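None of the values given here were measured: they were computed from a predicted structure. All heavy atoms count here, side chains included; hydrogens, waters and symmetry mates do not.
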Amino acid sequence: GLDNNGGWATIVAMDANVADFANITATGSQSTSGFGAIDQMPNERAREDAISYDVVTNLNMGQLLPPKWGIQLPFNYGISEKLITPEFDPEFDDLRLDDLIDTANDEEDADNIRERAEDYTKRTSVNLIGVRKNRGEEADANFYDVENFTFNYSYNQTDHRDFEVENLKDQSVVAGFVYNHNFEPVEVAPFKKKDSLFNGKYWQWLKELNLNLLPTTVSVNSDINRQFNRQTFRNVIPAGEDPANFLSLPELQQRNYLFNWQYTVNYALTKSLRLNMIGSNNHIVRNYLDDPNNPESEVDKALRLWDGFWDLGEPNRHSQQMQLNYDIPFALIPALDFIEGQYSYTSNFDWQRGGDALNLAVAQEQNSVNSNGDLVITSINTVQNANTHNLTASLTMQKFYDLIGLKKRTGKDQQQAPVKTDKAGNEKEPKKTKAKTGKLWNTAVDVITMVKRLNVNYSETNGTVLPGYTESVGFI
């Protein structure tokens with residue numbers, strides 16, 4: 001009959017903290033074969049023993065340093081393990097694992113059978129996110145201060161084995177910094193206080209003429225991002241067979257090494273003219289190849305994650321964007337103050353490295369070799385740029401109507417006729433005239449002034465794509 005033996009499970013959790021210096025969270029769990037919900041059938045319950053734990057610590061290491069240093073050093077460490085031992089052997093589903101272990105020839109053979117059946121995973125992480133030095137309350141902010149930098153570091157590792165995978169190790173590391181500085185404005189306005197020279201209302205635009213000598217903000221960030229994975233599949237040898245008669249399975253490796261950096265400059269040239277520049281660069285690091293430019297070259301499998309850590313690699317993609325925004329100062333010109341206008345210009349540049357397959361195919365087609373007979377591979381890149389002009393204007397028509405004197409005639413604004421006198425100097429009683437209201441004129445004014453606001457938008461986009469570009473962009 002069916003095995004109806006039950007199992008048990010337990011969970012333990014702990015949360016501890018030491019003021020605002022440390023915080024520790026730990027959990028542990030264990031369950032045995034046969035555990036399940038009360039309404040589950042015997043074949044629906046767990047058929048393995050599982051045990052696991054998880055510990056996460058957060059430490060404010062900066063508090064161990066003198067407060068006047070202002071060091072911010074958050075440290076995070078996490079570790080977890082999980083081991084699953086099945087009740088039945090994964091290879092022989094109808095045999096209990098304990099029974100199979102009892103038939104082992106020796107202790108080493110028993111350990112191999114147990115290890116082959118287990119599902120084991122271990123995860124480890126170390127993080128230093130937001131490491132920086134805080135600026136003092138009375139300290140001046142300069143562009144060369146170390147307080148402008150923030151450093152980050154993150155390392156993660158996973159170790160795993162099961163019935164199909166004999167050994168797997170996955171590692172990843174991200175290390176980088178962020179630089180950010182806000183400049184104090186240095187404004188030059190040569191005619192701002194020249195009231196005696198430019199006191200007319202049509203000279204206001206000249207009085208408002210200004211120039212900012214320093215950018216508003218400058219930001220730079222860069223990071224090294226590496227992922228390294230290596231695994232070996234398990235070579236399952238049938239019982240009674242000699243392992244020497246079977247070929248060993250190779251170790252598979254996969255790498256993805258990147259170096260990235262970006263910069264941003266925001267510059268308010270004047271109060272109405274603003275410039276924004278953004279640039280980014282992505283590098284591929286292939287220091288594990290005998291020839292980094294040839295994807296078909298041999299891989300040095302002895303190299304690990306940390307080998308050549310500071311290699312910058314070669315450019316893979318580079319992009320730049322410049323945006324110029326200008327608020328047209330119609331408000332400073334009395335005859336045009338009913339107009340609000342903005343002009344923007346956006347320019348984009350993009351360089352994309354050619355794909356390895358395309359570069360190799362072109363080199364083979366051209367039979368490009370050096371003096372040693374080795375194939376010379378040239379990167380077939382793609383360059384493109386584009387620009388966009390955008391002009392928007394909003395016209396407040398009521399101001400325009402008032403400016404040109406377009407309004408209704410009510411008859412109340414009739415000017416009084418001059419007083420006439422007779423030969424004796426006595427005032428003559430003026431003749432009473434009926435005020436002219438101009439109904440037709442007022443009707444025309446009502447129709448014309450129905451338009452209260454007028455919006456105008458003009459946009460133009462141009463672009464060029466140049467495939468087959470063989471030059472590199474270098475570090476920038």
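- Although no hydrogens or angles enter the test, the distance criterion places no donor-acceptor pair under 3.5 Å between the side chain of Asp402 and the main chain of Lys399.
- The environment of CZ in Phe143 is sparse: at most 12 heavy-atom neighbours from other residues, nucleotides or ligands sit within 6.0 Å.
- Distance check, rounded to the nearest 0.5 Å: CG of Leu209 to NZ of Lys271 gives 11.0 Å.
- A heavy-atom distance below 4.5 Å is not found between the side chains of Ser222 and Tyr179.
- Note: Gln321 CD to Ser280 OG = 10.0 Å, rounded to the nearest 0.5 Å.
- Inter-residue side-chain proximity for Pro74 and Asn58 is flagged as unmet; no heavy-atom pair is nearer than 4.5 Å.
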Next item on the list: Walk me through it: do Lys133 and Glu147 pass the test salt bridge (charged side-chain N to carboxylate O under 4.0 Å, His left out)?
Entry: CA-CA 5 Å; Lys133 183 181 184 301; Glu147 288 85 352; 3.1 Å; yes
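- Under the side chain to side chain contact (heavy atoms under 4.5 Å, CB included) test applied with Phe228, the options Gln254, Lys169, Gln253, Gln157 reduce to a single match, Gln253.
- At a threshold of 4.5 Å between non-hydrogen side-chain atoms, the residues Tyr257 and Ile224 do not count as touching.
- With contacts defined as side-chain heavy-atom distances shorter than 4.5 Å, the pair Leu59/Leu64 does not qualify.
- Judged purely by distance below 3.5 Å, without hydrogens or angles, the side chains of Ser394 and Glu340 never pair a donor atom with an acceptor atom.
- Looking at heavy atoms from C-beta onward, Met397 lies out of side-chain contact with Thr449 at the 4.5 angstrom threshold.
- Note that CD of Gln262 and CG of Asp223 are 6.5 Å apart. Values are rounded to the nearest 0.5 Å.
- In this structure, His283 contributes its side chain and Leu312 its backbone to a donor-acceptor pair below 3.5 Å.
- Atom CD of Glu460 has more than 12 heavy atoms from other residues, nucleotides or ligands within 6.0 Å.
- Summarising the geometry, atom OG1 belonging to Thr85 is positioned 9.0 Å from atom CD1 belonging to Ile51; distances are rounded to the nearest 0.5 Å.
- Other residues, nucleotides and ligands contribute more than 12 heavy atoms inside 6.0 Å of the CZ atom of Phe309.
- A distance-only check finds a donor-acceptor pair linking the side chain of Trp441 to the backbone of Lys407 [under 3.5 Å].
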Note to self: Could you walk me through whether Val445 and Leu406 satisfy the side-chain contact (heavy atoms from CB on, under 4.5 Å) test, starting with their C-alpha distance in whole Å, then the side-chain angles of each, then the deciding distance to 0.1 Å, before giving a yes or no?
What the structure shows: CA-CA 7 Å; Val445 170; Leu406 185 61; 4.0 Å; yes
Margin query: Before you tell me yes or no, could you show the steps for Arg230 and Lys301 under side-chain contact (heavy atoms from CB on, under 4.5 Å), namely the whole-Å CA-CA distance, both residues' side-chain angles and the distance that decides it to 0.1 Å?
Written below: CA-CA 10 Å; Arg230 57 191 180 100; Lys301 293 188 176 182; over 6 Å; no
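- Side-chain contact between Val165 and Phe233 is present, with heavy atoms from C-beta onward closer than 4.5 Å.
- For the residue pair Tyr120 / Glu115, no side-chain donor-acceptor distance below 3.5 Å is found, with atom types taken as modelled.
- A distance-only check finds a donor-acceptor pair linking the side chain of Tyr267 to the backbone of Leu213 [under 3.5 Å].
- Using bins of under 30°, 30° to 60° and over 60° for the plane-to-plane angle, the ring pair Phe183/His181 lands in the perpendicular bin.
- No side-chain donor-acceptor contact under 3.5 Å links Thr396 to the backbone of Gln398.
- Side chain to side chain, Asp170 and Asn229 meet the donor-acceptor criterion of an N or O pair below 3.5 Å.
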Next item on the list: Determine, step by step, whether Ser154 and Asn127 satisfy the side-chain hydrogen bond (donor to acceptor under 3.5 Å, both in side chains) criterion, reporting the C-alpha distance in whole Å, the side-chain angles of both residues, the deciding distance to 0.1 Å, and the verdict.
Entry: CA-CA 4 Å; Ser154 177; Asn127 301 281; 2.6 Å; yes
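- Val285 and Asp311 get closest at one heavy-atom pair: CG2-O, 3.5 Å.
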Next item on the list: Show your reasoning for whether side-chain hydrogen bond (donor to acceptor under 3.5 Å, both in side chains) applies to Thr388 and Thr346.
Entry: CA-CA 5 Å; Thr388 301; Thr346 303; 5.7 Å; no
Next item on the list: Let me see the working for Arg116 and Glu91 under side-chain contact (heavy atoms from CB on, under 4.5 Å), right down to the final yes or no.
Entry: CA-CA 9 Å; Arg116 184 188 65 180; Glu91 183 179 2; 2.9 Å; yes
Check: Yes or no on side-chain hydrogen bond (donor to acceptor under 3.5 Å, both in side chains) for Asn167 and Glu251, after CA distance, side-chain angles and deciding distance?
Finding: CA-CA 9 Å; Asn167 181 32; Glu251 181 185 72; 5.3 Å; no
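- Atom CE of Met450 has 12 or fewer heavy atoms from other residues, nucleotides or ligands within 6.0 Å.
- With hydrogens and angles disregarded, no donor-acceptor distance shorter than 3.5 Å links the side chain of Glu118 to the backbone of Leu83.
- Proximity of a side-chain donor or acceptor of Asn212 to a complementary backbone N or O of Val186 within less than 3.5 Å is detected.
- Side-chain contact of Thr150 with Arg132: a donor-acceptor pair under 3.5 Å is present, judged by distance alone.
- When atom types are taken as modelled, the side chain of Tyr458 and the backbone of His389 share no donor-acceptor pair closer than 3.5 angstrom.
- Ionic pairing of Arg274 and Asp327 is present here: one or more N-O contacts between side-chain nitrogen and carboxylate oxygen are shorter than 4.0 angstrom.
- The backbone N or O of Gly130 lies less than 3.5 Å from a partner atom in the side chain of Asn152, making a donor-acceptor pair.
- When each of Leu466, Thr382, Asn381 is checked for a side chain to side chain contact (heavy atoms under 4.5 Å, CB included) with Trp351, only Asn381 meets the rule.
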Note to self: Before you tell me yes or no, could you show the steps for Tyr53 and Val12 under side-chain contact (heavy atoms from CB on, under 4.5 Å), namely the whole-Å CA-CA distance, both residues' side-chain angles and the distance that decides it to 0.1 Å?
What the structure shows: CA-CA 9 Å; Tyr53 73 89; Val12 178; over 6 Å; no
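- Between the CD1 atom of Ile333 and the CD1 atom of Ile339 there is a distance of 9.0 Å, given to the nearest 0.5 Å.
- Residues Ala26 and Val55 approach most closely at CB-CG2, 4.1 Å, considering heavy atoms.
- One N or O on the side chain of Asp300 and one on the backbone of Ala302 form a donor-acceptor pair closer than 3.5 Å.
- Residues Met61 and Leu128 are not in side-chain contact: their nearest non-hydrogen atoms beyond the backbone lie 4.5 Å or more apart.
- More than 12 heavy-atom neighbours from other residues, nucleotides or ligands sit within 6.0 angstrom of NZ on Lys452.
- Heavy-atom neighbours of Arg317 CZ from other residues, nucleotides or ligands within 6.0 Å: at or below the threshold of 12.
- Environment of CH2 in Trp306: crowded, with over 12 heavy atoms of neighbouring residues, nucleotides or ligands closer than 6.0 Å.
- Counted by atom type alone, Ser347 and Asn387 present zero donor-acceptor pairs between their side chains at under 3.5 Å.
- In this structure, Phe177 and Phe149 have tilted ring planes: the angle between them lies in the 30° to 60° band.
- Annotation for Ile404: atom CD1 counts as buried by contact number, over 12 foreign heavy atoms lying within 6.0 Å.
- Note: Tyr343 OH to Asn390 CG = 9.0 Å, rounded to the nearest 0.5 Å.
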Checklist line | Residue pair Thr217, Asn266: steps toward the side-chain hydrogen bond (donor to acceptor under 3.5 Å, both in side chains) verdict | finding: CA-CA 5 Å; Thr217 61; Asn266 297 320; 3.0 Å; yes
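- Within the 4.5 Å cutoff, the side chain of Leu395 has heavy atoms near those of the Phe338 side chain.
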